[in-house]
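Dropping a structure here in C-alpha cells format, bear with me for questions.
In the text below, chain A, chain B and the rest are named by the order of the sequence lines, each starting its count at 1.
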Amino acid sequence: MEEKMPELPEVETVRRGLSALITDKKITKVTLIYPKIIQGDTQTFVKEMTGRTFKEIDRRGKYLLFRLSDGLTMVSHLRMEGKYSVKENNEPLDKHTHVVFDLVDGMQLRYNDVRKFGRMQIVKTGTEVQLSSLQKLGPEPTPETFLIDDFYQELQKKKKVIKTALLDQTIVAGLGNIYVDEVLWMTKIHPETKCFDITYQQAKEMHDNIILELNRAIKAHGTTIFTFSGVNAQIGSFQNELNVYGKKGEPCPRCQTPLEKIVVGQRGTHFCPNCQQLAK
DNA sequence: AATGATGTTAGAGA
DNA sequence: CTCTCTAACATCAT
C-alpha cells in the first residue's frame with residue numbers, strides 16, 4: 001500500500017522524522033537536477049544553502065520551514081507528491097529526484113517528486129510570514145489558535161460550498177482532500193452545503209472534528225517509521241482509519257448506505273448520501 | 001489509443 | 001475583494 005503524502009498530518013510526520021536525521025548537519029553541496037522546483041533565483045538558492053547547517057524544522061499549515069544557520073529559512077511545499085529522503089551519497093538517484101543536498105557525513109537529503117509540483121525557496125528567517133502563500137493561511141488547527149467563534153463568523157461570510165472553503169487554507173490551515181471528506185462525514189454535513197447555511201452548532205462540531213481528526217492522523221502516523229529512505233508506513237497504517245475517502249460503493253460505516261463519489265469544485269468528493277443530506 | 005483522474009496551489013479572469 | 005477555473009506534470013485506470 002503506497003503512502004499518500006501531503007496533508008497536514010503527513011507533513012508533520014515528515015517534519016518529525018526528518019528532524020532526527022538532518023539537524024545540525026552541514027550542507028556541503030547543492031545540486032539542482034530540475035531547477036524549476038526552486039522559486040526565485042536558482043543560483044542564489046544554491047549559493048545561500050551551501051555551507052549552511054540545518055537546524056530545527058518548523059511547520060506552518062502544509063509548509064515545512066527548514067531553519068538554517070545564519071538566520072536563513074528554506075520554505076518547502078510538497079504539493080501533491082513531494083517526498084524527502086536521506087540516503088548515502090553512493091546510492092543511485094531515483095528517476096524523480098530533483099534536488100540533492102550533500103551533507104558532511106556522506107549522506108544526502110534528496111527531494112523526489114514525480115509530478116514536479118513541489119516548490120522550495122530560501123528567505124531570511126522571519127520574512128517567510130510575508131510570503132503571499134503563507135500570509136493567507138488561516139490558523140493552525142489547534143484549540144489555542146483555531147477559535148470556534150471566528151470559524152463560525154468566517155463561514156457566515158462565505159458564499160461558496162463548505163468543501164471548497166475548507167480546502168482553500170484561509171479559514172483553517174492544513175486540510176486537504178482526504179481529511180475534508182472525512183471531517184464532513186464525521187460531522188454529517190453534505191460537502192455542497194453553502195457555508196452561510198451552516199449553523200453555529202454544526203460549526204462547533206466541525207471545528208472539534210477538524211482538530212480531532214488531524215491529531216488522530218498525526219498520532220497514527222506516529223507509528224510510522226521514518227527511515228533513511230523516507231517515510232515507511234507500518235502495516236495497517238492510516239489508510240484503514242479512513243471512513244469515506246476512496247471508498248465509493250462501500251457501505252457507510254454508520255448506516256451501511258453505499259458511499260457515493262461526486263465532483264465538488266473540480267475535486268473528487270466522497271460522502272454518504274444518507275448521513276450527509278443537503279438541507280433545502 | 002485516448003481520455004480522465006490523482007494528494008495542491010498560484011495566478012488569471014470574471 | 002470573492003469566486004471559479006486552469007496550468008504546472010507524470011502515471012495509472014478505464
- prompt: Can the ring centroids of Tyr84(A) and Phe66(A) be said to lie less than 6.0 angstrom from one another?
  reply: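 Ring-ring flag for Tyr84(A)/Phe66(A): true, centres closer than 6.0 Å.
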
- request: Tell me whether the OP1 or OP2 atom of dA5(B) has a side-chain N or O from Arg267(A) closer than 4.0 Å.
  value: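 The answer is no; no side-chain N or O of Arg267(A) sits under 4.0 Å from OP1 or OP2.
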
message: Would you say Lys36(A) places a side-chain N or O within less than 4.0 Å of OP1 or OP2 belonging to dA8(C)?
response: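 Looking at the OP1 and OP2 atoms of dA8(C), neither is under 4.0 Å from any side-chain N or O of Lys36(A).
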
- request: Report yes if at least one side-chain N or O of His96(A) is closer than 4.0 Å to OP1 or OP2 of dA10(C); otherwise report no.
  value: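 For His96(A), the contact criterion (side-chain N or O under 4.0 Å from OP1 or OP2 of dA10(C)) is not met.
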
- prompt: Salt-bridged, Asp168(A) to Lys160(A), with N to O below 4.0 Å?
  reply: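 Answer for the salt bridge query: yes.
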
- request: From the options dC9(C), dC5(C), dT6(B), select the nucleotide whose nearest atom is closest to the side chain of Tyr34(A).
  value: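 Ranking dC9(C), dC5(C), dT6(B) by closest atom to the Tyr34(A) side chain puts dC9(C) first.
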
- prompt: What integer distance in Å separates Arg115(A):CZ from dT6(C):C1'?
  reply: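 Atom CZ in Arg115(A) sits about 13 Å away from atom C1' in dT6(C).
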
Lys62(A) vs dT9(B): side-chain N/O to OP1/OP2 distance below 4.0 Å: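 Yes, such a contact exists.
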
- prompt: Looking only at atom types and distance, does a side-chain atom of Thr193(A) sit under 3.5 Å from a main-chain N or O of His190(A), one as donor and one as acceptor?
  reply: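 Between the backbone of His190(A) and the side chain of Thr193(A) there is a qualifying donor-acceptor contact (under 3.5 Å).
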
query: So, is Lys136(A) close to the dA10(B) phosphate, meaning a side-chain N or O under 4.0 Å from OP1 or OP2?
result: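 Yes, such a contact exists.
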
message: Whole angstroms only, please: what is the CD-C1' distance between Gln135(A) and dC1(C)?
response: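 Between C1' of dC1(C) and CD of Gln135(A): 15 Å.
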
field: Lys95(A) vs dA10(C): side-chain N/O to OP1/OP2 distance below 4.0 Å
entry: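 So the side-chain polar atoms of Lys95(A) never come under 4.0 Å of the phosphate oxygens OP1 or OP2 of dA10(C).
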
query: Separation of Gln169(A) atom CD from dA10(B) atom C1', in whole Å?
result: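 Going from Gln169(A) (CD) to dA10(B) (C1'), I get 13 Å.
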
task: Kindly say if Lys160(A) contacts the phosphate of dC1(C), meaning a side-chain N or O under 4.0 Å from OP1 or OP2.
output: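 Indeed not, no polar side-chain atom of Lys160(A) lies that close.
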
- prompt: Heavy atoms under 4.0 Å, any strand shown: does Ser132(A) hit a base, just sugar-phosphate, or nothing?
  reply: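 Result for Ser132(A) = nothing.
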
message: Heavy atoms from C-beta onward define the side chain here; which of dT8(B), dA10(B), dC5(C) lies closest to that of Gln266(A)?
response: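 It is dC5(C).
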
message: Could you check whether Thr73(A) and Arg67(A), counting side-chain N and O atoms only, form a donor-acceptor pair closer than 3.5 Å?
response: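 Yes.
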
query: For dT9(B), does either OP1 or OP2 sit under 4.0 Å from a side-chain N or O belonging to Tyr63(A)?
result: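 The answer is no; no side-chain N or O of Tyr63(A) sits under 4.0 Å from OP1 or OP2.
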
query: When Glu205(A) is tested against each of Gln201(A), Gln202(A), His207(A) for side chain to side chain donor-acceptor pair (under 3.5 Å), which residue passes?
result: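 Result: among Gln201(A), Gln202(A), His207(A), Gln201(A) is the only option passing the side chain to side chain donor-acceptor pair (under 3.5 Å) with Glu205(A).
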
- prompt: Could you state the CD-C1' distance from Gln39(A) to dT9(B), rounded to the nearest angstrom?
  reply: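 Rounding to the nearest Å, CD of Gln39(A) and C1' of dT9(B) are 10 Å apart.
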
query: Roughly, in whole Å, what's the span from CD1 in Ile38(A) to P in dA10(B)?
result: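 Nearest whole value for this atom pair: 16 Å.
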
- request: Between dC9(C) and dA1(B), how far apart are the P atoms? Round to whole Å, please.
  value: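 That atom pair is separated by 24 Å.
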
message: What is the distance, to the nearest angstrom, from the CE atom on Met80(A) to the P atom on dC12(C)?
response: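 For the pair Met80(A) CE and dC12(C) P, the rounded distance is 15 Å.
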
- prompt: Which nucleotide in the list dT6(C), dA10(B), dC9(C) gets nearest to the side chain of Lys116(A)?
  reply: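 Among dT6(C), dA10(B), dC9(C), the one nearest the side chain of Lys116(A) is dC9(C).
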
Assigned partner base of dC9(C), Watson-Crick or wobble definition, under 3.5 Å: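 Paired with dC9(C), as far as the under-3.5 Å criterion goes, is no nucleotide at all.
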
- request: Measure from CE on Met120(A) to P on dT9(B) and round the result to the nearest Å.
  value: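 Whole-Å distance recorded here is 16 Å.
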
field: Pair Arg216(A) + Glu241(A): basic N to acidic O under 4.0 Å
entry: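 Yes.
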
field: Nearest-angstrom distance from the residue atom CZ of Arg119(A) to C1' of dA10(B)
entry: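 From Arg119(A) CZ to dA10(B) C1': 10 Å.
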
